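So the structure is just underneath, and the comments pick up after that.
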Protein chains: 2
Amino acid sequence: MTARKAQRTARLMHLLSERRVIHLSEAATLLGVSEMTVRRDIATNQGQIAYLGGHILAAAEIDADAPYELATAADSHAAAKREACAHAVRKIRPDETIFIDCGTTLIHLVDLIPDDYQITAICYAMNVAERLSRKANITIIMLGGVYHPASASFSGTHDFDILKSVGINAAFLSAAGVDAKRGATCEHFHEAVVKQKVMGLARENYLVVDSSKIGKLKRAFFAPMDGFDAVITEHGEASPDSF
Amino acid sequence: MTARKAQRTARLMHLLSERRVIHLSEAATLLGVSEMTVRRDIATNQGQIAYLGGHILAAAEIDADAPYELATAADSHAAAKREACAHAVRKIRPDETIFIDCGTTLIHLVDLIPDDYQITAICYAMNVAERLSRKANITIIMLGGVYHPASASFSGTHDFDILKSVGINAAFLSAAGVDAKRGATCEHFHEAVVKQKVMGLARENYLVVDSSKIGKLKRAFFAPMDGFDAVITEHGEASPDSF
DNA sequence: CAGCGTTTGTTAAATTCCTTACATTTCAGG
DNA sequence: CCTGAAATGTAAGGAATTTAACAAACGCTG
């Protein structure tokens, strides 16, 4: 965050303290930048500034249980993610236990689970848990630990005792990088630990990513491509060998 | 205004008291009418219901002059709870590790923690964690487990390994019932397990309740009065012996 | 039960918003 | 002064919202 951006944000907050709601276009004018910049400022400023259909308001205004609409972080490639998840959801049977990885991709999977499915879902990210809790008929198991704001997830530096006593039919993993040689990678090392642990326990492992991730390489390696039973993108299911 | 419309509006208001923001399309589905009808209901109801870019929210959220009845409707005795927490927050030192119980009471405690305090907070309820995550400088440790929608909390049927490796300076407990003879009680048995575990580990234990809880008795017992170092209500701090 | 005004639903067009991709600018380090 | 990364601007498409007009259903009244 540059000094200029911090200053813009501060000015915006000040404006919000006087007028509860400011329209995007007006804010852009007042701050002397483009609407796109204001948009981007807000996207990197969850928690303080809320954004709703073109209108900006102080996040404090909306403080109960944060509705997902207010998760202002830009969810890039959302359409592709949703489509990939539409393919992935077909892997779920109505009474199974599944693992759902953190990140924005698999949020869409949660939404797509049919309402009458009586599944048990294991997760370790707050936004995933929050989304799961909106659905009826789902038993949620959360892996706790220390919270990591960057991914809204928890890292169990301790043993995942609970995992040992749960049979996982299918694990749905996400990744920030997918590469034929270097396998699946993510941004944060603590995530990699959880992913690996789960992959060792699940009967089936599916990598669910939008195709923009293919060819990319991130810091934290967690599995080679042949560690997955299938790779699911917006184009459908593919064998991990085909990468 | 017809009776049916008044009823719809009341239902909508009730929905808003639970979920601060509802999308137009979702509201239409929940109310069993078309989006256009919801739109028209809102148009003739400015002042109570606000509408912004496809999203419905309580007018109190965005209108400074609007009455706060809405905000307090969902959380009874909110003012007393906030006051009790204002007393409780003084027990926290800037670098301590604290435990925060589930329920609506201690949400206020989170809000009242000074922003520059570098504390570590242990919790096991999703709404508490979510609220904690809004604050900078707080390290959050979450106890996972199976989710219980009624209290938004998790029950670790397994050992809380992580608790053993954390030193808890102060534990802030809430209760649904406080009685001189029968001690502190809550609604759910799984909560009692966590509370007892924590109370055994924390250096200081504070019971934070609004005074409406005094004299009440609930199903799940978790501690006798002398198990607490102090009982904090909206009237201030009191010795547990005084009950 | 016919008539009439009100409420509600449906559709289509106009507007606005969101995402993506790419061009441009800025700025710090070499 | 050059270079590369980050920040910002621009534009196009697709998606969502808004508005308006009209049709259908409802409820009351005579």
Side-chain angles (χ1 to χ4, degrees), chain A residues 1-12 21-46 49-57 62 67-86 103-105 107-108 111-112 150 176 187 209-219 233-235, chain B residues 1-12 21-46 49-57 62:
Chain A
M1 167 127 69
T2 66
R4 208 171 339 158
K5 178 168 171 178
Q7 200 179 333
R8 270 202 312 270
T9 303
R11 276 223 285 162
L12 185 54
V21 182
I22 300 177
H23 192 270
L24 177 63
S25 58
E26 195 180 354
T29 307
L30 291 168
L31 297 174
V33 292
S34 71
E35 296 189 3
M36 197 65 225
T37 299
V38 178
R39 231 179 245 285
R40 287 194 264 238
D41 284 1
I42 295 166
T44 57
N45 219 307
Q46 302 235 66
I49 299 172
Y51 184 77
L52 216 46
H55 305 269
I56 305 164
L57 52 166
I62 318 265
Y68 189 73
E69 289 83 17
L70 292 178
T72 46
D75 180 6
S76 56
H77 304 284
K81 288 174 180 177
R82 188 162 23 240
E83 241 183 293
C85 287
T104 53
T105 302
I107 289 284
H108 298 290
D111 290 340
L112 292 166
E187 296 282 5
V209 292
D210 65 90
S211 58
S212 76
K213 306 298 195 308
I214 294 171
K216 297 214 170 121
L217 181 68
K218 297 294 177 179
R219 287 181 300 178
T233 70
E234 69 268 33
H235 304 120
Chain B
M1 166 128 69
T2 68
R4 207 170 339 156
K5 177 169 172 177
Q7 201 180 333
R8 268 202 313 268
T9 304
R11 277 222 285 163
L12 185 55
V21 181
I22 300 177
H23 192 270
L24 177 65
S25 59
E26 195 180 353
T29 306
L30 290 169
L31 297 174
V33 293
S34 72
E35 296 187 5
M36 197 65 225
T37 299
V38 177
R39 229 180 247 285
R40 287 194 265 238
D41 284 1
I42 295 166
T44 57
N45 217 309
Q46 296 294 349
I49 299 172
Y51 184 78
L52 274 186
H55 306 267
I56 305 164
L57 51 168
I62 60 163

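What you are looking at is a predicted structure, and each value in this text was computed from that prediction instead of being measured. Throughout, protein chains are lettered first and strands after them, A, B, ... in sequence-line order, and every chain is numbered starting at 1.
In terms of the side-chain contact (heavy atoms from CB on, under 4.5 Å) criterion, A/T29 has no residue partners (sequence neighbours excluded). The side-chain contact (heavy atoms from CB on, under 4.5 Å) test applied to A/S25 returns A/H23, A/E35, not counting sequence neighbours. Not counting sequence neighbours, A/T233 has no partner by the side chain to side chain donor-acceptor pair (under 3.5 Å) test. Taking A/R11 as the reference, A/L31 meet the side-chain contact (heavy atoms from CB on, under 4.5 Å) condition, with sequence neighbours excluded. Every residue two or more places apart in sequence or in another chain that forms a salt bridge (charged side-chain N to carboxylate O under 4.0 Å, His left out) with A/E187 is listed here: A/K218.
The CG atom of B/L52 sits 9 Å away from the P atom of D/dT18 (whole-angstrom rounding). Between the CD1 atom of A/I42 and the C1' atom of D/dT8 there is a distance of 15 Å, given to the nearest Å. The separation between B/I56 atom CD1 and D/dT17 atom C1' is 13 Å, rounded to whole Å. Computed from coordinates, the A/L24 CG to C/dC18 P distance equals 7 Å when rounded to whole Å. Look at CG on B/L31: it is 17 Å from P on C/dT7, rounded to the nearest Å. One atom, NE2 of A/H55, and another, P of C/dC18, lie 9 Å apart when rounded to the nearest Å.
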What N/O pairs connect the protein and nucleotides 13-16 of chain D at under 3.5 Å? Give each pair on its own line.
none

So which protein N/O to nucleotides 9-11 of chain C N/O distances come out below 3.5 Å?
| unit_1 | atom_1 | unit_2 | atom_2 | d |
| --- | --- | --- | --- | --- |
| C/dG9 | OP2 | B/S34 | N | 3.0 |
| C/dG9 | OP2 | B/S34 | OG | 2.8 |
| C/dG9 | OP2 | B/T37 | OG1 | 2.2 |
| C/dG9 | N7 | B/R40 | NH2 | 2.6 |
| C/dG9 | O6 | B/R40 | NH2 | 3.3 |

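The two residues B/A28 and B/S34 have their closest heavy-atom pair at CB-C, 3.9 Å. For the residue pair B/L57 and B/H55, the shortest heavy atom distance occurs at CD2-O, 3.7 Å. Closest of all the heavy-atom pairs between A/I56 and A/A27 is CD1-CB, 3.6 Å. Considering every non-hydrogen atom in both A/D210 and A/K81, the closest pair reads OD2-CE, 3.5 Å.
Dashed line: the shortest gap from a side-chain N or O of B/Y51 to OP1 or OP2 of D/dT18 is under 4.0 Å. For D/dT8, the OP1/OP2 oxygens have a side-chain nitrogen or oxygen of A/R8 closer than 4.0 Å.
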